[in-house]
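Just so you know, these numbers come straight off a predicted model, no measurement behind them. Ligands are counted one by one from 1 in listed order, and the atoms in each one are counted from 1 as well.
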Amino acid sequence: MPFKSLGLSERILEGVRAMGYLEPTPIQLRAIPLILAGRDVIGSAQTGTGKTAAFALPILCRLGRHEPRSRVLVLEPTRELAAQVETAFRDFARFTDLTVAVFYGGVGYGLQTDALHRGVDVIVATPGRLLDHIGRGNCRLDAVRYLILDEADRMLDMGFLPDVRRIIERCPRDRHTSLFSATIPPQIESLIHWAMRKPETIEIGARRSPAETVKHVIYPVAEAQKTDLLLELLRSVNYDSVIVFCRTKHRADRVAHLLKRSRHAVTVLHSNRTQREREQALRGFRDGRFEVLVATDIAARGLDIADVSHVINFDVPQHPEDYIHRIGRTGRAEATGDAFTIMVAEDATHVHAIERFISQKIPRVKLEKFHYQYTALFEEDKPGAKPGYPGKVRGVRLSGGYYFGHMRRRRR
Ligand code: AMP
């Protein structure tokens, strides 16, 4: 479907053509008609989906001609995003007389104040600097008709939600509000209830939230006991099939070798293996000849391996997205599954990042019969724990202390 049939005005369509866009992206197809019709929209979408145009084009259309009072406010978590979104608005509005300005911290107030005094149709801003301008009497929001909360989950992560609420309180109640966020954690949900009116939700692309059917836990352990813990985990869990993820090919080979020596039916999958070897490994794992597949992250993306009962992260993934991909190997298609992550002290930062990414504290558990050596990780939730350990996840409710994991027994 061409842009023309979405109901955008000719001037805005000219801007779209000048940008070289030929067809609307899926989020544009769905959001543009809704926003044009005056609906509040929740876009569950990530950057790269064309979401900026999805809200900018219909809003610019509805503004019509320039007025000195600001009628659009777009809140962004970072300067870079604010600058990027301002540029997009300017590009789309280039055949109109509408004006756009951006406000963020780290630069002087002079030019920003001048722009506000002249009057701009569209304000794109980070919350802190906008509040500064409001406090200095440079800016009023009482004419705002369109409010966009972009990258809402990142604003939450960065601790901006209180500022966002203060800003919203200064906007008229009678306004249209749209919110874009890759994930919708509970805090964003309550913001939605408070700030939006009968919003329509559009979900584009994969949600970053982990499969709801997966139960995931972390096993903290001293570095020297990592492999012993893995062996003990495999002994205590009555699994059907398990993927063990390692950070490097070399580690995957080493772990596979160790498991073989302990009489596990194991195969290994990483990019140093030939296509034939990889296919054999996968086939053998799928048809049940191997019950353990040791893999690097290549196996976490794209491959359709169904019915994995357990995922064990022998190494904590370095990128939070990889955690989602890894645990997505289990709990597929409504099946239940468990995801275990073995964590040593130096993984604290990465675990912290994963927990922020999924907006959830992953419970720490201990294996009941395992003889643990001491590690400072066991102190992380106690009062006075060393800073830097993931007891300090912002915006996430912390569960206190440890509990002993109870392995779910599976029927074969
Ligand atoms: P966004 O998700 O808004 O950050 O957009 C990602 C990139 O896609 C930007 O470089 C946009 O200019 C581009 N883009 C957005 N919509 C379209 C479209 N309909 N056709 C081609 N490129 C697009």
Begin from the C-alpha positions of Asp121 and Arg65 and carry the test salt bridge (Lys or Arg N to Asp or Glu O under 4.0 Å) through to its verdict. CA-CA 9 Å; Asp121 293 290; Arg65 299 200 65 89; over 6 Å; no

Per-atom contacts, ligand 1 versus [X] - under 4.0 Å to a heavy atom:
{"X": "Thr52", "value": "1 (P), 3 (O), 4 (O)"}
{"X": "Glu23", "value": "18 (C), 19 (N), 20 (N)"}
{"X": "Phe3", "value": "19 (N)"}

Note: Phe95 and Ala18 closest approach over all heavy atoms is CE1-CB, 4.0 Å

When rounded to the nearest 0.5 angstrom, what distance separates CG in Leu258 from CG in Leu231? 5.0 Å

If the threshold is 4.0 Å, N to carboxylate O, is there a salt bridge linking Arg364 and Glu355? yes

Please confirm whether Gly50 comes within less than 3.5 Å of ligand 1 when only nitrogen or oxygen atoms on both sides are compared. yes

Check: Phe180 ring centre within less than 6.0 Å of Phe55 ring centre: yes

Considering Phe180, Tyr21, Phe92, Phe55 one by one, which has a heavy atom nearer to atom 22 (N) of ligand 1 than any of the others? Tyr21

